[in-house]
Amino acid sequence: MGMSLFTPLSWNDSGFILTGVLNTVYISLVAITIGTVLGLAVGFLRAESNRVTNTLLGGVLDILRSVPLIIQLILFSTYIGAMGHPLNPFAAGSIVLSLYTMAFMGEVFRGGFESVPQSMVVAGRSLGMSYWQTVLYIRLPIGMRAVFPSWLGVALSVIKDSALVSVIGYMELLRTSEQLISRTQQPLEILLGVGLFYFIISYPLSLYGKYVERKMAI
Amino acid sequence: MEYVFHWNIVFQKMPQLLHGAFVTLHLSVSAMLIGIVIAVLLAIAKMSKSRIYSLPATIWVEIARNTPALFQIYMAYFGLGALGIHLSPYVAVLSALIFVNAGYLTETFRGGFQSIPETQYNASKSLGMSSIQVYRYIILPQMFRRIYHPMTNQFVWSILMSSLGILVGMNELSGETQRLQSLSFRTLEFFIVAAIMYFIITKFVLLSASLVSKKLFKGDI
């Protein structure tokens with residue numbers, strides 16, 4: 001290789017890298033939170049509504065899931081720019097990533113709601129619960145527990161997909177590393193560090209997801 | 001401010017866009033086929049009792065599943081470049097997609113294989129079937145049924161993720177769109193058309209997959 005293992009990256013860069021790390025964590029958390037809340041609403045609507053609403057809602061979600069995220073990001077930020085309301089990369093990225101997350105979470109939660117047997121809801125109603133009480137105390141807790149591993153899977157893919165927000169200029173981890181690479185010309189060390197960061201976040205969570213899944217299967 | 005759409009330029013460039021779409025398909029089909037072959041080997045290695053085989057397979061799978069695809073493409077394009085291995089954008093994106101596909105499909109195949117109880121193997125043997133017959137007629141058909149849908153999803157994922165070629169200047173649909181819009185500055189128009197093309201490609205793949213599955217499995221899935 002002819003390359004030293006000690007990177008001549010100076011300690012002065014650590015603040016810069018840390019900003020990238022924090023920004024990746026930040027936008028991922030925002031997208032996962034908003035995406036989960038919206039996905040819960042969409043999943044519930046899809047599990048409850050009639051055919052027409054379902055088809056319409058399904059169609060919109062389908063577009064979000066069938067167009068590459070990178071194209072969605074470019075389209076959205078160009079569109080709001082062309083309309084004369086440019087947003088900063090964080091805001092634009094959060095909106096697109098949250099809606100994208102919602103599209104996947106919606107399907108997960110829909111499955112969760114539908115997995116709760118109707119007889120349980122009927123039993124709740126006959127005990128004098130109102131409709132919303134059966135939703136809140138029966139369908140939500142039971143349905144959500146069933147889809148927790150899938151939820152975690154979507155959340156993990158959002159953390160990884162957040163790297164794409166770099167295309168519209170958000171300074172997340174991959175973009176900061178890209179800038180460091182162009183200055184230091186040491187792509188290998190920097191990229192390995194970046195990969196390690198994602199791995200350290202993602203791997204334990206994916207193990208935990210598998211563990212929960214196995215525990216629920218028994 | 002009012003934005004005036006100009007679609008003419010996009011229609012003029014349609015042949016280039018369609019060529020980009022063709023490269024996208026070509027790229028994702030190749031990444032899928034090669035990924036499947038590697039995944040079969042990795043799945044066998046992962047199920048091996050010897051750690052010499054199972055450990056490298058596990059490492060491959062976990063890295064592929066736990067790092068962003070964009071990272072893998074950068075690794076293939078810039079990272080390997082630092083080692084003196086210079087890949088063209090096409091080969092870089094292709095190898096990154098193969099790497100990820102193989103990683104995810106390994107788990108799919110392993111899960112599919114392990115979902116068939118061993119008793120079926122023993123039962124077929126006791127009926128006088130040879131090992132090859134057991135696999136050919138009993139195990140593989142059932143396994144294929146179980147891995148069919150995850151495989152379709154993985155293929156769609158490859159199509160969507162091949163759009164990352166835009167970042168290393170590839171000439172697949174996204175990269176081509178990027179290049180054409182930079183010549184004309186009709187960014188919105190070009191990317192809207194690209195989005196529609198991705199949507200059509202994805203729907204086409206899913207529709208064909210479901211038609212094929214109806215034919216193959218005669219509805220019982």
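In what follows, chains carry the letters A, B, and so on, assigned in the order in which the sequence lines appear, proteins first and then strands, with residues in each chain numbered from 1.
Annotation: side chain of A/Phe199 is in contact with side chain of B/Glu62 (closest heavy-atom distance under 4.5 Å). With contacts defined as side-chain heavy-atom distances shorter than 4.5 Å, the pair B/Asn66/A/Ser206 qualifies. B/Met161 is listed as a side-chain neighbour of A/Asp161, based on a closest heavy-atom distance under 4.5 Å. Counting only heavy atoms from C-beta outward, the side chains of A/Leu192 and B/Met75 approach each other to under 4.5 Å.
Rounding to the nearest 0.5 angstrom, the gap separating the CD1 atom in A/Ile200 from the OG1 atom in B/Thr67 is 12.5 Å. The distance from atom OG1 of A/Thr78 to atom CZ of B/Arg186, rounded to the nearest 0.5 Å, is 12.0 Å. If you take CG on A/Leu73 and OG on B/Ser163, they are separated by 10.0 Å, rounding to the nearest 0.5 Å. Atoms CZ and CD, from B/Phe78 and A/Gln185 in turn, are 10.0 Å apart once rounded to the nearest 0.5 Å.
Shortest non-hydrogen contact noted between A/Ser66 and B/Leu160 is O-CD2, 3.4 Å. For the residue pair B/Tyr198 and A/Ile71, the shortest heavy atom distance occurs at CE1-CD1, 3.9 Å. Nearest heavy atoms, A/Glu178 versus B/Tyr74: OE2-OH, 2.6 Å. Summarising the geometry of A/Leu188 relative to B/Gly79, their closest heavy-atom pair is CD1-O, 3.3 Å, with the distance given to 0.1 Å.
Residue contact with chain A, scored on non-hydrogen atoms closer than 4.5 Å, is absent for B/Ile200. Of the two parts of B/Glu189, neither the backbone nor the side chain holds a non-hydrogen atom closer than 4.5 Å to a non-hydrogen atom of chain A. Proximity to chain A (any heavy atom under 4.5 Å) is shown, for B/Met197, by neither the backbone nor the side chain. With a threshold of 4.5 angstrom between heavy atoms, A/Ser166 approaches chain B through side-chain atoms but not through N, CA, C or O. Only the side chain of A/Ile74 has a heavy atom closer than 4.5 Å to any heavy atom of chain B. Proximity to chain A involves both the backbone and the side chain of B/Ile192, based on heavy atoms less than 4.5 angstrom apart.
Listed options A/Ser157, A/Ala163, A/Ser162 were ranked by heavy-atom pairs under 4.5 angstrom with chain B; first place goes to A/Ala163. Of the listed residues (B/Leu164, B/Leu188, B/Ile63), the one with the most heavy-atom contacts under 4.5 Å to chain A is B/Leu188. Chain B forms more heavy-atom pairs under 4.5 Å with one residue of A/Leu191, A/Leu164, A/Val67 than with any other, namely A/Leu191.
Heavy-atom neighbours of A/Tyr211 OH from other residues, nucleotides or ligands within 6.0 Å: at or below the threshold of 12. Under a cut-off of 6.0 angstrom, the local environment of CZ in A/Phe148 is crowded, with over 12 non-hydrogen atoms contributed by other residues, nucleotides or ligands. Crowding of B/His6 atom NE2: a count of heavy atoms from other residues, nucleotides or ligands under 6.0 Å exceeding 12. Residue-environment remark: OH (A/Tyr79) stays at or below the threshold of 12 foreign heavy atoms within 6.0 Å. Annotation for B/Leu211: atom CG counts as buried by contact number, over 12 foreign heavy atoms lying within 6.0 Å. Around atom CZ of A/Phe16, more than 12 heavy atoms belonging to other residues, nucleotides or ligands sit under 6.0 Å away.
Near-neighbour residues of residues 30-63 of chain A relative to chain B, defined by a heavy atom under 4.5 Å from a heavy atom of that chain, comprise A/Asp62, A/Ile63.
Without hydrogens or angle criteria, A/Lys160 side chain to B/Leu70 main chain gives no donor-acceptor distance under 3.5 Å.
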